[in-house]
Amino acid sequence: MRIGVFGGTFDPPHLGHLLAATDAAEALALHQVLFVPAATQPLKAGRLAGASPADRRAMVELLVAGDDRFSVEPMELERGGLSFTVDTLRALRERYPAGTADLVLLLGADAAAQFSLWREPGEIRRLAEVVVLRRGEGSAAPEGFRAVPTRRVDISSSEVRERVRAGRDIRGFVTDPVAAYIARAGLYRQGSGHGAC
Ligand code: ATP
Ligand code: MG
C-alpha cells in the first residue's frame, strides 16, 4: 500500500489542496492521502492565528468527506505545540511497519524550498519518499527531489481569508460545505482571530 502524507495549516482548506492531492494520488498511485493539519507550523509560528485547531480539523474533514481516497489524520493537532513532520512520520511508521506501506510525503513547492530548515530532513527522507508537487509548467522542483506535476490552481488560504475579511464571496474557492462552515462559525471576519497576538 502507498500512503500519501499531505501536511499543511489548512486555514482554510481549499480547492487547490484538493486538486493537488488528486493529481498526486493519480500520478503516484497512492491508495490513500492523509491530510495532516499542523498544530503550529514551526516556520509560520510568528504569524497571526486564523481559525482554531478544532475549526481547521472540522473544515478538512468537510473537504474530504465522502471521498474514500482521502482522510484526515489529526495526530499533530492532538500532540499540540510545534508540529514537526519527522515526529509525524515516525508515528505513522509505527502504525504501518516497514513492508506494510510506503509513506510518500507530499510537499508544495513553497514547502520544498524551506525543507532544509526542517527538523531532521535526512531522517524524513529515510522514513518517507519525499515528492514535490510542481504547480504548472513554469515551476521547477528543488534539486534532489522527485517532482510530480500538478495542475496550477491559483488559490491560497491567505486569499480566501482576505476575501472573507473583505466581505467577498468564497464560493468556487472552497467546497460548499467549507464555505457554509466558515459563514456559520464566523471565521476570518475582522476581529474574529483565534488567539491573535
Ligand atoms: P497560506 O496562504 O496561509 O500560506 P496555503 O494556501 O499555502 O496557505 P497551506 O496550508 O500552507 O495552504 O498548504 C498546505 C500545502 O498545500 C503546502 O505544501 C502548500 O504548498 C500546498 N498548497 C497550497 N495551495 C496550493 C495550491 N493552490 N495548489 C497546490 N498546492 C498547494
Ligand atoms: Mg502557503
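One-based numbering, in listed order, for ligands and for the atoms of each. These values consider heavy atoms only, across backbone and side chains, with no hydrogens, waters or symmetry-generated copies.
- Not close to ligand 1: Asp11, with no non-hydrogen atom less than 4.0 angstrom away.
- Atoms of ligand 1 lying under 4.0 Å from any heavy atom of Ser156, numbered from 1 in the order shown and given with element: 2 (O), 6 (O).
- Taking all heavy atoms of Ser157, Ala20, Ala112 into account, the minimum distance to atom 8 (O) of ligand 1 is reached by Ser157.
- If you check which protein heavy atom lies closest to atom 18 (O) of ligand 1, you get Gly108 N, 3.0 Å.
- Among Asp154, Asp110, Ile155, the residue whose heavy atom sits closest to atom 7 (O) of ligand 1 is Asp110.
- The backbone N or O of Ala39 sits less than 3.5 Å from a side-chain atom of Arg56, completing a donor-acceptor pair.
- Among all non-hydrogen protein atoms, the one lying nearest atom 11 (O) of ligand 1 is Lys44 NZ, 2.9 Å.
- When hydrogens are left out, the protein atom nearest atom 12 (O) of ligand 1 is His17 NE2, 3.0 Å; that is the closest non-hydrogen contact.
- Under 4.0 angstrom from ligand 1, there are no non-hydrogen atoms of Arg152.
- Residue Val5 forms a side-chain contact (heavy atoms from CB on, under 4.5 Å) with just one option from Val104, Leu89, Thr85, and that option is Leu89.
- Of all the heavy atoms of Glu159, none lies under 4.0 Å from any atom of ligand 1, so neither backbone nor side chain is involved.
- Relative to the six-membered ring of Phe145, Arg125 meets both conditions, a distance below 6.0 Å and an angle of at most 45° to the axis.
- Glu73 pairs with exactly one of Arg57, Arg95, Arg79 by the salt bridge (Lys or Arg N to Asp or Glu O under 4.0 Å) rule, that one being Arg95.
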